[in-house]
Trainee: 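Pasting in a structure now, in structure tokens, and then I'll have a few things to ask.
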Amino acid sequence: MKAGNEQRAGLLYGFGAYGMWGLVPLFWPLLMPAGAVEILAHRMTWSLAVVGLALLAVRRWGWIRELLRRPRKLGLTALAASVISVNWGLYIWSVNNGHVVESSLGYFINPLVSIAMGVLVLGERLRRVQWVAVGISFAAVLVLAVGYGRPPWISLVLACSFATYGLIKKKLNMGGLESLAAETAMLFLPALGYLLWLGAQGRSSFTSQGAGHALLLAATGLVTAIPLVFFGAAAIRVPLSTLGLLQYMAPVFQFGLGVLYFHEAMPPERWAGFSLVWAALALLTWDALRTARRSRARLEAVPAVAPAPAREPV
């Protein structure tokens, strides 16, 4: 009974996390006339404040000493902070400049880029279906490049930066709250310096657009931290395969908002490219579920080894 309640709670947390990430394109336009770099700087600054309060509440500080003692781990954390800042900044810019659909494509193809990185960086071997899915995704990029008249660079940079971030996080093996605190701490001083420079130049929207606008900019910390907390709560309660399926919620919501709410153009060649990506993802999902089912059946088929009976002394 308790396990069932935990799984239900995990699903709710997962729906909450990916639902918020899927609806976040509605939030960034509210922050205009602030530019993407100013919004990014506020996001970095206020995220540190939010995670700092969360760490005070749970009283987890021992990881800081361990991180400072390990230069390689510190370097990887700095690299993760740099990569995620590129991802965040480009995503904010793309949403506020009419590229919501193209940015959603980046998160659709992210699993495919992660698979490609697994082969190229980690030397992983792919099953035949995975090779087919990767091939279809390359064909999709070519179709979309023809449709856009250029490579879909926003999608590719978002997908590659987030996949790289995931690869670094895998090597770091830190908790979600701790890693976000470390990354935002490294970004805090440059972000705060940029905001102070904007204020000195009289170009800061934080001080010139009223209290409501300032509160919205401060809320970027909550918009960043709350989905991550929900995601962490889901990750420990539901199977990884379920979490993998839930991840498609965010780009589906983003795509829907781009087409139905922001009314971005979707000519036939873009529909064709997106359809190829969705076909590749359907293949990956089917293969993952089939592999998980076979592994489970194999484990269930192995009989439990009973301990040998104790021999009586002669």
Side-chain angles (χ1 to χ4, degrees), residues 17 20-21 24 27-28 31 34-56 58 60-95 103 106-107 110 113-114 117 121-122 154 156-198 206 217-232 235 247 250:
M20 283 185 275
W21 279 325
V24 80
F27 179 70
W28 303 126
L31 304 181
V37 179
E38 183 181 359
I39 296 171
L40 175 63
H42 276 287
R43 187 177 189 181
M44 292 169 179
T45 305
W46 295 107
S47 293
L48 180 61
V50 171
V51 295
L53 289 173
L55 287 170
L56 274 175
V58 298
R60 288 209 301 262
W61 303 104
W63 58 273
I64 299 176
R65 193 178 298 107
E66 182 192 347
L67 180 62
L68 293 174
R69 286 175 180 169
R70 300 175 66 179
R72 182 177 177 275
K73 200 167 186 178
L74 203 59
L76 283 173
T77 303
L79 184 59
S82 302
V83 170
I84 199 61
S85 64
V86 170
N87 185 274
W88 285 357
L90 179 59
Y91 184 71
I92 294 165
W93 178 88
S94 62
V95 169
S103 65
Y107 294 104
N110 177 65
V113 174
S114 294
M117 282 191 172
V121 179
L122 302 178
I154 293 174
L156 294 173
V157 173
L158 286 174
C160 291
S161 59
F162 201 73
T164 303
Y165 180 67
L167 182 65
I168 298 168
K169 298 278 273 190
K170 185 180 177 66
K171 290 182 176 294
L172 277 171
N173 194 26
M174 287 175 67
L177 192 62
E178 291 87 347
S179 61
L180 182 62
E183 290 155 20
T184 50
M186 290 182 172
L187 298 168
F188 177 76
L189 286 179
L192 183 61
Y194 177 75
L195 293 175
L196 291 174
W197 178 80
L198 276 184
F206 185 78
L217 285 170
T220 55
L222 292 172
V223 168
T224 300
I226 291 175
L228 284 169
V229 171
F230 276 36
F231 174 78
Q247 75 173 326

Trainee: Quick check: closest heavy atoms across Ala17 and Pro227, and the distance to 0.1 Å?
Mentor: CB-O, 3.5 Å
Trainee: If we only count heavy atoms from C-beta on, is the Glu183 to Met44 side-chain gap below 4.5 Å?
Mentor: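 Of all side-chain heavy-atom pairs linking Met44 with Glu183, none is under 4.5 Å.
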Trainee: Is any side-chain heavy atom of Leu158 closer than 4.5 Å to a side-chain heavy atom of Tyr91?
Mentor: yes
Trainee: Would a 4.5 Å heavy-atom cut-off, applied to side chains only, mark Val24 and Trp21 as touching?
Mentor: no
Trainee: Quick one: list whatever passes side-chain contact (heavy atoms from CB on, under 4.5 Å) with Ser47, sequence neighbours left out.
Mentor: Arg43, Thr184, Thr224
Trainee: Specify whether Trp46 and His42 have parallel, tilted or perpendicular ring planes, treating 30° as the upper limit for parallel and 60° as the lower limit for perpendicular.
Mentor: parallel
Trainee: Would you please name every residue forming a side-chain contact (heavy atoms from CB on, under 4.5 Å) with Ala163, sequence neighbours left out?
Mentor: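 Only Asn110, Val113, Ser114, Met117 meet the side-chain contact (heavy atoms from CB on, under 4.5 Å) criterion with Ala163.
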Trainee: Kindly give the heavy-atom pair with the smallest separation between Val50 and Leu222, and that separation in Å.
Mentor: CG2-N, 3.9 Å
Trainee: Report yes if some heavy atom in the side chain of Met186 is under 4.5 Å from a heavy atom in the side chain of Leu74; otherwise report no.
Mentor: yes
Trainee: Would you please name every residue forming a side-chain hydrogen bond (donor to acceptor under 3.5 Å, both in side chains) with Ser179, sequence neighbours left out?
Mentor: Lys169
Trainee: Only pairs at least two apart or in different chains count here, so list each salt bridge (Lys or Arg N to Asp or Glu O under 4.0 Å) that has a residue in residues 76-95.
Mentor: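 The answer is none; no pair qualifies.
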Trainee: Taking only residues two or more places apart in sequence, or in another chain, which ones meet Ala185 in a side-chain contact (heavy atoms from CB on, under 4.5 Å)?
Mentor: Leu48
Trainee: Please list, chain by chain and in numerical order, all residues satisfying side-chain hydrogen bond (donor to acceptor under 3.5 Å, both in side chains) with Gln247, sequence neighbours excluded.
Mentor: none
Trainee: Applying side-chain hydrogen bond (donor to acceptor under 3.5 Å, both in side chains), which residue pairs with at least one partner in residues 77-88 are found, sequence neighbours left out?
Mentor: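 Every side-chain hydrogen bond (donor to acceptor under 3.5 Å, both in side chains) pair that includes a residue of residues 77-88, provided the two are not neighbours, is Asn87-Tyr107, Asn87-Ser161.
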Trainee: Applying salt bridge (Lys or Arg N to Asp or Glu O under 4.0 Å), name anything that partners Glu178, two or more places apart in sequence or on another chain.
Mentor: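 Expected list: Arg60.
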Trainee: Would you call Leu55 and Trp63 a side-chain contact if the rule is heavy atoms closer than 4.5 Å?
Mentor: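 A side-chain contact under 4.5 Å exists here.
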Trainee: Applying side-chain hydrogen bond (donor to acceptor under 3.5 Å, both in side chains), name anything that partners Trp28, two or more places apart in sequence or on another chain.
Mentor: none
Trainee: Looking at Ala36 and Gly89, what are the two nearest heavy atoms and their distance?
Mentor: CB-O, 4.2 Å
Trainee: Of all residues at least two apart in sequence or in a different chain, which pass the side-chain contact (heavy atoms from CB on, under 4.5 Å) check with Leu192?
Mentor: Phe188, Leu196
